[in-house]
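I have placed the structure first, in the form of structure tokens, so that the comments after it can refer back to it.
Just so we're on the same page: letters track the sequence lines, and every chain starts at 1. Any value given below was found using the heavy atoms of this structure, including those in side chains, with hydrogens, waters and symmetry copies removed.
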Amino acid sequence: MLRSLGRMGAAGRRGWLMGAAVALGLAAFGAMPAEAQQGKVLKWGAAREIASLDPYSFGDTFTLATLNHVYEGLVRYTGELGIEPALAESWETVSPTIWRFKLRRGVAFHGGEAFTADDVVASLQRVSHETSPLKGNLPAYKSSRKIDDHTVEIEVTGPYPLLLNDLTNIFILSKTWMEKNNALLPTDSGKGIKGYATDNANGTGPFMVESRRPDARTVFVVNPKWWDKPQHNLARIEFTPIASAATRVAAMLSGEIDFTNVAPLQDLPRLSAAPGVKVMQSSELRTVYFAMNLKDQLPNSDVKDRNPFKDVRVREALYRAIDIDAVHRRAMRGLSRNTGAIVAPAIPGYQPAQDVRLPFDLDGAKKLLADAGFPNGFGFTLNCVSDGLVNEEEFCQAVAAMWTRAGLKVTLDLAPRSQQTPKRVRGEFDVISFGWANEPMIDAYSILIQVIRSKSGTGGVFNWGDWGRADMDALIDAAGVELDRPKRIALMSEALNIIKREHLFIPMHQQPMAWAIRGNVAAMVQASDNKPRLWLTKMN
Amino acid sequence: MSDAAPLLSVRDLRVVFDTRRGRLVALDGVSFDIAPGEILGVVGESGAGKSLTGTAVIGLLEPPGRIDGGEILLEGRRIDTLPPAEMRRVRGRQIGAIFQDPLTSLHPLLTVGAQLEETIRTHLPLSRAEAKARAVALLREVGIPSAETRVSQYPHQFSGGMRQRVVIALALAAEPKLIIADEPTTALDVSIQAQITALLRRLCRQHGTGVMLVTHDMGVIAETADRVAVMYAGRLVELGPVDQVVRAPRHPYTAGLMASIPRMGAREAVLAQIEGSMPRLGAIPPGCAFSPRCPSASARCTAEVPALPPGGTGAACWHPVAEPAHV
Amino acid sequence: MSDPIALTVQDAVCLFDVSPPFLDRVLSGARRRVLRAVDGVSFTVRRGRTLGVVGESGCGKSTLARMIVGLQPPTAGTLRLEDMPRADGSLGRPRVQMIFQDPYASLNPRWRVGDIVAEPIRELKLLQDEAAVQARVAQLLETVGLAAADAARFPHAFSGGQRQRISIARALATEADVLVCDEPTSALDVSVQAQILNLMRRLQAELGLTYILISHNLSVVRHMSDDIAIMYLGRFVETGPAEEVFAAPRHPYTRLLLETIPDVQRPNRDRQPLSGEVPSPIDPPPGCPFHPRCPQAETACREARPALEAHGGREVACFLVR
Amino acid sequence: MAEGAIRRWLGSDMGLSFRASPVAVASLAVLVLVALSALLAPLIAPQNPYDLKQVFIDKAEIPPIWMRDGEWPFLLGTDPQGRDVLSSILYGTRMSLLIGVAAVAVSMTIGVSIGLAAGFLGGWVDNLLMRIADTVLSIPTLLVAILVSAVARALLPPGLREPFAAVILVASISLTGWVQYARTVRASTMVERRKEYAQAARIIGVSSARIMRRHILPNTLTPVLVAATLNLGLAILAEATLSFLGVGMPITQPSLGALIRIGNQYLFSGVWWLVVFPAVQLGLIVLSVNLLGDWLRDALNPKLN
Amino acid sequence: MLAFLIRRLLNAAGVMLTVAFLAFMIFRFVGDPVELMLNEQATQAQRDELRVRLGLDRSFPLQYLSFVTNAARGEFGISYRNQQDVIVLIAERLPATLELVLVATVLSLAIGIPLGVYTAIARNSWGAQLLQFGSVLGVSLPSFAVGILLILVFSVTLGWLPAFGRGEVVQIGWWSTGLLTPSGRMALVLPGITLSLFQITLVMRLVRAEMLETLRTDFIRFARARGLRARSVSFRHALRNCLMPVITVTGLQIGNLIAFALVTETVFQWPGMGLLFVQAVTFVDIPVMAAYLMLVSFVFVALNTLVDLAYAVVDPRLRQDSVKHG
């Protein structure tokens with residue numbers, strides 16, 4: 001803070017001090033402990049705006065991670081991605097399909113309402129309502145019931161090992177508050193109804209929303225009555241979305257922001273070299289791979305009579321044609337972790353044996369193509385998202401060039417997510433780049449059920465290219481109801497082995513994540529799920 | 001010609017334009033005097049340099065034009081070398097100007113009164129009220145009815161003739177000693193022309209103002225001027241009392257010009273005509289500029305430039321028309 | 001007087017609607033306003049002769065000219081060209097052409113002179129053979145006093161007088177019989193004016209052209225015309241043989257007009273300038289339109305409008321002329 | 001023949017004014033150089049940046065040749081994909097010029113036709129056309145261009161978007177671009193058609209269409225020429241702005257604006273040559289065009305001489 | 001005058017209806033709103049129900065009519081992206097953009113007019129030539145490049161001015177202003193310069209051209225011939241005559257500035273309407289796009305009308321209902 005003030009000049013300093021004074025003045029109403037009164041202000045420059053203050057409006061990881069500072073679930077992940085109690089103190093399984101949660105006592109919402117079982121039931125009903133966009137995040141949910149004010153039972157559709165993982169991201173809203181503001185149901189853009197919860201928030205979390213100007217600034221202030229003991233010393237978080245990477249870096253360098261959770265890879269050397277800026281960098285859970293459309297015909301290929309990708313030799317050729325070291329060194333700036341598997345090591349289901357890549361072998365690739373009947377290659381379109389994965393533009397271009405050298409005629413289709421997603425959902429693609437972090441479950445079941453499973457009910461939502469197979473489906477379904485962890489993991493590993501053997505996907509790397517903080521940030525937890533947990537942040 | 005010391009004296013005036021194609025001599029060796037109260041008509045065809053002479057006298061030549069030689073004296077004081085700020089004070093105060101088109105000479109967004117008052121107060125130490133009173137008086141003097149209300153009107157509310165009266169009022173606002181009137185009637189209707197020339201004549205007689213009347217219309221000159229200066233291709237070819245020049249021109253050009261005007265009295269079968277046309281500035285022939293068109297040109301005419309006779313009256317010609325032309 | 005008639009104009013009227021837009025009229029309750037540019041004009045022109053039309057700006061003389069050449073349809077009345085014998089003996093409608101005032105605007109600056117003069121020949125298909133067209137152009141240029149070689153040059157290479165010659169050549173290229181000349185020399189210098197007037201006179205004599213000469217310059221009209229018409233606010237106020245009108249003007253306007261024209265031959269004469277200004281043709285004064293400026297105006301002049309009546313060889317529209 | 005024409009032109013008033021203006025000479029020289037190098041890009045560029053076979057990511061981010069790690073033949077260095085920056089600029093310039101020239105040509109053709117029709121025919125045709133022009137003018141150019149690009153991309157099937165990106169850009173710039181020409185031409189048409197030479201043609205009996213085409217059109221083109229020159233600069237800038245905003249040329253066939261957008265992402269990473277060289281090239285082109293346009297406007301303005 | 005006003009208003013209404021039609025077409029035909037609003041699992045019955053609810057089953061003119069009446073009431077629906085009332089969304093960002101545009105306009109007039117006058121009066125001087133060249137440079141540099149450059153120099157290298165955002169704002173009713181806080185004013189500097197640079201050169205070039213034109217007129221020559229002071233000739237006489245085109249262009253350019261602000265807003269992350277629009281374009285957020293289009297056109301048309309009225313105030317020739325005749 002003081003450092004940044006020095007750079008603002010005298011005129012700017014007064015404004016910032018005034019702002020801080022207002023924040024402190026407001027906070028003083030709540031009879032704050034002495035420690036919090038000297039709380040710090042953290043200026044957070046994010047790469048984009050959160051979609052809404054309503055935690056049930058968008059199944060968007062970043063929005064949920066940010067709202068997690070305001071809202072909480074029954075359980076939460078630790079900094080090491082273990083599950084720990086949050087609004088629930090303890091739980092037990094009454095039967096394979098019924099879970100009973102003991103709720104924490106003495107918890108209050110920011111608005112003052114006491115936290116009770118009614119809130120949990122109302123929240124679960126809201127999130128699982130048929131118009132809820134987050135319905136899919138709680139796939140096994142059947143119903144919930146209040147036992148007493150601080151006990152709730154949740155019934156699932158069948159034996160389901162991952163309920164707790166799912167619940168980390170289901171945040172609890174106050175029932176009375178929802179009732180009062182006519183927000184018991186999720187926002188329905190179809191009805192043209194704007195939900196009260198879109199602009200207002202009332203959670204139990206460590207921070208409260210003080211003000212929000214979309215695309216400009218959202219201010220969070222510390223919740224003095226938080227049930228948990230704060231491990232942070234923040235009084236205030238000023239959240240500002242800065243979409244332009246260059247501007248964000250500039251703001252970081254000039255001290256206008258203290259923290260960004262998206263530091264562009266290419267700017268890391270510059271940021272690390274800058275005085276007073278520190279880069280926090282490691283690998284994410286998210287594994288990046290290429291997926292090929294396995295429908296009967298490719299929409300954009302010059303091969304019309306069949307789908308070349310149905311031939312495993314073609315898939316292998318594409319795999320072998322990739323010089324992953326070049327991608328790692330250049331496109332990913334040496335910060336990615338090359339992988340032969342499609343889940344990260346931290347994900348249950350991962351096996352080191354799967355993590356061995358096919359070697360880069362251009363001649364082998366050409367030979368495989370020739371064997372498959374394409375000595376002169378064939379043409380197809382590579383669909384990549386310009387605002388998606390880390391350096392997606394770069395590695396897609398690099399891989400396109402590599403495939404071209406193998407004799408294929410690659411057209412690169414780069415566009416924003418909003419334009420690419422519809423095409424992908426409709427199956428109108430030949431090859432796509434794809435990344436899956438297995439969140440919020442932190443379990444390989446996530447990718448298996450959602451991406452790999454053939455389409456059926458809640459399964460295979462992301463199986464856009466018909467790459468599901470009966471043998472895998474059987475393994476996945478078995479894992480979905482297996483409550484014994486070692487058996488379940490074995491089932492999942494078997495399914496993943498099939499993918500590996502058949503080269504159904506071409507794995508690339510676990511993508512890097514890079515945060516940048518200024519020197520005034522003393523401690524910050526960066527877990528491999530790439531979610532900021534600012535309630536674990538200390539500033540000087 | 002008046003015996004008094006000249007009000008304006010122009011000596012050997014030379015004006016050039018420096019262009020990309022070289023230097024063009026637009027005025028060369030122009031000399032004349034104007035006595036107080038005298039009206040000198042400067043006549044010539046388009047491109048002869050008559051307007052330029054007026055512009056040079058009033059010091060409004062714009063680049064690339066500039067005075068390259070000679071001198072201009074106003075009441076014996078040299079004014080062509082004055083610094084711009086002093087020349088500005090001469091303009092309006094000592095030399096007034098009237099331009100051809102009354103439609104465009106007045107600022108469209110300022111009232112007539114405002115323009116008059118500003119001119120008056122720029123040159124005369126009058127208060128705002130006094131200036132206003134003088135503005136009204138001036139309008140009345142140039143014959144604008146109900147001047148008190150007209151003074152606060154905008155130019156577009158006046159008719160053409162009335163506007164030219166306003167222009168005259170503006171030119172006279174600070175009682176200058178000399179007026180340069182550049183084609184003051186050309187843009188007006190025939191019946192209005194006479195009103196304006198009459199007004200000009202009356203005012204100058206009353207105030208004793210000298211006038212340099214620039215026009216291409218021999219008729220206007222004949223009616224208004226005391227003396228006439230005839231210009232051709234940037235030079236003065238003849239200078240003399242109006243009667244003499246009109247009735248008995250000495251220069252073949254003047255003679256031809258006079259003869260080519262259709263007469264009101266009788267209808268001739270064929271008009272006398274001067275063949276060819278005036279040379280462009282870049283192509284003025286050596287010697288007498290008129291020689292290629294002149295019926296009586298000799299070898300000398302193409303070699304030497306003729307000058308006006310000593311005393312400045314007569315024709316600049318090696319072979320002037322001997323006999324007074326028949327009227 | 002025995003020459004056959006080339007053009008008959010009968011009660012020609014040309015009105016222009018100069019009303020404010022519809023909405024303004026509705027809101028301010030204003031009436032439609034009509035500019036009576038030409039307000040009932042009748043005359044005839046005889047073949048091979050020149051009719052001079054004189055008037056001040058805004059009197060409608062240019063509109064009249066445009067009506068005769070067909071650029072402006074008359075609101076009412078008729079303009080009739082009488083058939084005349086062709087070279088082959090047949091009768092045909094005479095061709096009318098116009099000579100304009102501004103020699104700089106009357107020639108397309110992007111065309112070569114040869115093409116300008118040849119345009120009517122090609123357009124009217126008077127000659128089929130291109131070589132014949134070129135020959136005819138050369139001949140026309142020489143007729144108006146230019147060189148055949150000038151055909152290859154662009155108009156900007158010519159002086160005002162030469163351009164007017166080109167205009168005349170273009171008009172002649174149509175084998176025109178009637179030329180309407182709208183202020184043909186008012187943009188020219190006096191010495192050049194004489195050249196053009198002489199040329200026009202020569203061509204009239206050689207080709208038997210009929211001229212309608214529109215001008216505000218009385219001396220030019222006097223020099224050129226056989227007959228003359230004085231126009232004031234859309235009407236003829238006096239017509240008759242030029243000699244007679246100039247020698248003894250009958251209408252007060254004609255008299256005053258003649259009086260105000262500066263006369264080179266009489267330097268420094270004192271004269272009484274015509275007072276007042278030309279009224280607007282939109283709001284002409286009631287009665288005789290000239291009465292506000294007329295020194296002899298009587299009550300009758302304010303009330304009724306005098307018609308053009310024959311007085312000897314002339315016609316005059318004035319109550320005071322009896 | 002051409003040489004003779006150039007020599008003749010250099011001797012004319014315009015030519016003299018041109019020779020007397022070092023700025024005009026320099027601008028034209030720069031433009032000719034830039035246009036030639038862009039046209040000949042396939043022949044002179046060290047690399048074809050569109051041909052993925054020639055792009056090696058191992059050659060990524062090589063600095064310009066005069067810097068420490070510079071490497072032949074990458075005179076101006078390479079981008080993060082290993083594309084030669086000089087080649088990208090040459091091909092990008094080609095794209096920018098192509099779009100700029102095409103946009104100007106299309107808007108000029110439309111605008112001149114509409115302006116001529118409105119000015120010559122007058123009446124309700126004029127009224128209708130000018131109301132359309134008013135409406136087009138009431139939406140800012142940039143906004144129209146963004147909307148058209150966005151809408152066209154939303155409507156076109158994915159496979160057609162890339163090949164048609166340039167066409168969409170030309171269309172979106174021309175959609176508002178024609179109005180200026182239409183107004184200019186309409187105004188001068190209304191002046192010209194009243195001029196005596198046009199009336200003389202009417203008296204002769206020349207048809208309206210012919211008068212419009214042969215007489216009036218050529219005489220309305222001088223201001224159009226000036227406007228076209230100045231608009232070329234604007235069109236190139238518009239294209240660059242759209243590409244910078246991400247609604248223009250795709251990364252696979254980048255124009256100068258797209259190159260700057262890409263380079264901008266590397267602004268702080270020390271890879272300055274990615275943004276600086278395309279920006280300089282863009283600025284240079286537009287500056288030359290504008291200086292030339294300024295000179296042309298002054299040279300063709302009779303009042304200034 | 002009244003008739004003039006009515007005519008202008010009718011004209012403006014016509015233009016707005018046409019723009020509304022365009023907006024409606026985009027809204028209606030670019031991407032089926034039903035598809036955009038519902039998620040993939042929706043049944044056909046749900047789709048049909050939504051279609052009826054949105055009035056998409058009605059005839060085309062009726063739909064257009066209801067679009068126009070809704071638009072006139074400021075109802076543009078709910079943003080697909082933010083799920084907020086579009087008009088609220090826009091209203092929140094309107095002050096930011098208008099403040100930026102205002103600053104740019106004031107800068108352009110305050111700097112552009114004097115420079116224009118100077119370059120016209122001292123046309124051949126060294127300084128004027130340099131300024132004239134600078135002005136060509138000014139219109140030749142893309143504004144995004146200028147913005148990037150300014151950030152590089154003043155934020156990153158020198159650290160004097162903020163690189164993004166509006167700083168602290170003060171809420172006055174629904175209007176939020178950054179002009180009242182030091183940090184708000186600091187934040188305005190770089191975007192203001194970026195946005196106004198083109199405008200300054202535009203005004204300067206316009207004033208210069210108009211001044212040169214005016215200085216050649218007879219009435220200026222006549223004013224000089226009357227010996228009026230150079231200052232008065234330049235400012236009272238010549239400049240006054242140039243102000244009308246300057247008013248026109250400034251008025252028209254405000255609309256363009258609002259549009260061009262979106263580039264500046266993108267570069268500086270300025271939380272205005274332009275940024276909203278750019279994001280809406282990326283997200284194919286049709287209601288926001290349609291509303292923005294309507295709003296900008298409305299501002300444009302309104303300014304145009306005001307400019308015409310201003311003409312009548314400034315120019316006495318237009319003040320009267322006199323009919324000119326020849």
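Of the atoms belonging to D/Leu291, heavy atoms from both backbone and side chain fall under 4.5 Å from chain E. Only the side chain of D/Asp294 has a heavy atom closer than 4.5 Å to any heavy atom of chain E. D/Arg261 does not touch chain E: none of its heavy atoms, backbone or side chain, sits under 4.5 Å away. Both the backbone and the side chain of E/Val136 come within less than 4.5 Å of a heavy atom in chain D. Of the atoms belonging to E/Leu257, not a single heavy atom falls under 4.5 Å from chain D. At a 4.5 Å heavy-atom cutoff, D/Val289 makes no contact with chain E through either its backbone or its side chain. E/Asn256 touches chain D through backbone and side chain together, each having a heavy atom under 4.5 Å away. Residue E/Phe277 touches chain D through its side chain alone, counting heavy-atom pairs closer than 4.5 Å. Using a 4.5 Å cut-off between heavy atoms, E/Thr266 contacts chain D through its side chain alone, with no backbone atom that close.
Scanning all heavy atoms of the two residues, the minimum distance from E/Ser140 to D/Leu287 falls at OG-CA, 3.3 Å. Contact detail for D/Asn290 and E/Val139: the closest heavy-atom pair is ND2-CG2, 3.6 Å. Counting all heavy atoms, side chain and backbone alike, D/Leu142 lies closest to E/Ala259 at CD2-O, 3.6 Å.
If you take CZ on D/Arg131 and OG1 on E/Thr18, they are separated by 10.5 Å, rounding to the nearest 0.5 Å. Separation of atoms CG (D/Leu237) and CG (E/Leu141) is listed at 8.5 Å; rounding is to 0.5 Å.
Most heavy-atom pairs under 4.5 Å with chain D, from the set E/Leu303, E/Asn11, E/Asn304, E/Val278: that is E/Asn11. With chain E as partner, the option from D/Ile146, D/Ile260, D/Asp134 having the largest number of non-hydrogen pairs under 4.5 angstrom is D/Ile146. When the candidates D/Gly283, D/Ala279, D/Ala240 are compared by the number of heavy-atom contacts under 4.5 Å with chain E, D/Ala240 comes out ahead.
Put simply, the side chain of E/Leu262 reaches to within 4.5 Å of the side chain of D/Leu245, judged on heavy atoms. Within the 4.5 Å cutoff, the side chain of E/Val267 has heavy atoms near those of the D/Phe244 side chain.
None of E/Leu293, E/Leu22, E/Val281 except one satisfies the side chain to side chain contact (heavy atoms under 4.5 Å, CB included) rule with D/Leu147; the exception is E/Leu293.
Other residues, nucleotides and ligands contribute more than 12 heavy atoms inside 6.0 Å of the CZ atom of D/Phe18.
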